[in-house]
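Here is the structure we will look at.
Here is the naming used below: chain letters follow the sequence lines, and residue numbers restart at 1 for every chain.
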2 protein chains.
Amino acid sequence: MVNRLGNLDRVFQALGDPSRRAIVAKLVVGPASVSQLAEPLPMSLPAVVQHLGVLESAGLVSTEKVGRVRTCRLEPEVLRRAEAWLGDQRTAWEDRLDRLGVELGKPSEQSRKA
Amino acid sequence: MVNRLGNLDRVFQALGDPSRRAIVAKLVVGPASVSQLAEPLPMSLPAVVQHLGVLESAGLVSTEKVGRVRTCRLEPEVLRRAEAWLGDQRTAWEDRLDRLGVELGKPSEQSRKA
DNA sequence: ACTTCAGTTAAGCAGTTACCTAAGTATCGC
DNA sequence: GCGATACTTAGGTAACTGCTTAACTGAAGT
């Protein structure tokens with residue numbers, strides 16, 4: 001239950017599909033039922049459920065079945081985790097450029113960090 | 001040449017593999033040759049080249065062959081594009097929470113934006 | 001010229017993915 | 001209870017992935 005919430009492999013792989021990103025984008029404005037999510041997508045309902053399974057096992061969405069309707073909601077923490085990884089790479093890159101500039105004796109305008 | 005640089009499908013899919021993320025993480029600290037990238041990875045060189053192909057066609061890295069050595073460098077703009085998508089979703093989510101709080105008459109501590 | 005080094009090309013293969021249709025199960029509204 | 005609704009399960013298929021080994025090309029070093 002805990003390990004599911006940090007697997008970047010699954011997270012990025014899940015986001016690598018346009019239908020799944022569309023689902024995420026829809027859940028961002030509020031929870032929705034399976035058929036509400038399926039309605040705009042050009043595929044069968046079982047296919048949508050499969051996509052939801054991928055998103056859920058990546059920890060990006062959680063679902064709860066009430067009567068006969070399964071309600072899906074976004075799990076923003078995992079989204080944030082992915083964003084953090086990208087941010088880390090970007091800052092590492094920027095730090096490197098910074099250091100490069102310093103080593104060349106060129107005081108880059110990015111070195112206003114301290 | 002232009003359309004390659006914005007395909008989120010390919011970008012996220014490329015990042016959905018640990019070996020490929022390892023390559024990105026290594027390129028973040030500076031350009032490297034194919035065999036330098038391959039050295040820590042537990043797989044054959046052709047496999048690494050294939051991963052590089054995926055990263056390149058996602059626009060995440062660019063390569064240039066000089067003598068017999070191909071040098072790979074990170075393309076940070078595409079990384080930033082992916083980060084932006086995640087950021088957009090997160091802010092949409094936060095805006096929604098904000099509005100929800102407002103509609104409940106509860107002045108949330110996030111509404112200090114204006 | 002000969003060898004080694006860096007990478008490339010080709011073929012193949014097991015496992016996964018993204019769909020489908022058809023048939024089921026379990027509410028819910030009347 | 002009876003039909004419609006909201007999924008769920010099962011099974012199948014075509015295409016794609018992530019790897020492998022083997023054989024090749026071409027640049028460098030000696």
Can you list, in residue-number order, the parts of residues 30-38 of chain A that come under 4.0 Å of DNA chain D, counting heavy atoms only? Ser33(A), Val34(A), Ser35(A)

Can you name the side-chain contact (heavy atoms from CB on, under 4.5 Å) partners of Gln50(B), sequence neighbours left out? none

Carboxylate-amine/guanidinium proximity below 4.0 Å for Arg80(B) and Glu77(B): yes

I would like to know whether Trp93(B) and Val24(A) meet side chain to side chain contact (heavy atoms under 4.5 Å, CB included); could you show each step before the answer? CA-CA 10 Å; Trp93(B) 168 272; Val24(A) 167; over 6 Å; no

I want to confirm an ordering. Mapping Val49(B) and Val54(A) to their closest nucleotides on DNA chain C, which one lands closer to the 5' end? Val49(B)

Results of salt bridge (charged side-chain N to carboxylate O under 4.0 Å, His left out) for Glu39(B) - residues two or more places apart only: none

With Thr63(A) via side-chain contact (heavy atoms from CB on, under 4.5 Å) - residues at least two apart: Glu56(A), Val61(A), Arg70(A), Cys72(A)

Looking at every non-hydrogen atom in both residues, tell me the closest pair between Leu55(A) and Ala14(A) and how far apart they are. CD2-CB, 4.1 Å

Which is it for Val28(B) and Asp88(A) under the side chain to side chain contact (heavy atoms under 4.5 Å, CB included) test, yes or no, and what are the steps along the way? CA-CA 10 Å; Val28(B) 130; Asp88(A) 286 355; over 6 Å; no

pair Val34(A)-Val69(A): side-chain heavy atoms closer than 4.5 Å: no

The helix from dA1(C)-dT30(D) to dC30(C)-dG1(D): angle between terminal helix axes, five bp per end, to the nearest 10 degrees, reads 30°

Gln50(A) side chain near dT8(D) phosphate (N/O to OP1/OP2, under 4.0 Å): no

What's the CG-P distance between Leu41(B) and dT20(D), to the nearest Å? 11 Å

Residue pairs fulfilling side-chain hydrogen bond (donor to acceptor under 3.5 Å, both in side chains) with at least one residue in residues 17-29 of chain B, sequence neighbours excluded: Asp9(A)-Arg21(B), Asp17(B)-Ser19(B), Arg20(B)-His51(B)

Taking the side chain as every heavy atom from C-beta outward, state whether Asn7(B) and Val78(B) have any pair of such atoms under 4.5 Å apart. no

Test salt bridge (charged side-chain N to carboxylate O under 4.0 Å, His left out) applied to Arg96(A) - qualifying residues, sequence neighbours left out: none

So, OP1 or OP2 of dC19(D): does either fall under 4.0 Å of a side-chain N or O from His51(B)? yes

Sorted by chain and number, sequence neighbours left out, side-chain contact (heavy atoms from CB on, under 4.5 Å) with Val29(A) holds for none

Taking CZ from Arg10(A) and C1' from dT17(D), how many angstroms apart are they, rounded to a whole number? 16 Å

Kindly work out whether a path of hydrophobic side-chain contacts (I/L/V/M/F/W/Y, heavy atoms less than 4.5 Å apart) joins Val48(A) to Val54(A). no

Hey, where on DNA chain C does chain A first and last touch, going 5' to 3'? Cut-off is any atom under 4.0 Å from a heavy atom. dT17(C) to dC28(C)

NZ of Lys65(A) versus C1' of dT9(D): gap in Å, rounded? 11 Å

Will you find, in the side chains of Thr71(A) and Glu64(A), an N or O donor that is under 3.5 Å from an N or O acceptor? no

Can you find a heavy atom in the side chain of Leu60(A) that is under 4.5 Å from one in the side chain of Glu75(A)? no

List the residues meeting salt bridge (charged side-chain N to carboxylate O under 4.0 Å, His left out) with Arg68(B), not counting sequence neighbours, and say none if there are none. none

B/S/- along nucleotides 21-30 of chain D (protein heavy atoms under 4.0 Å) is BB---BBS--

Tell me: CG of Leu52(B) to P of dC19(D), nearest whole Å? 13 Å

Please list residues of residues 14-25 of chain A whose heavy atoms come under 4.0 Å from any atom in DNA chain C, ordered by number; otherwise none. Asp17(A), Arg20(A)

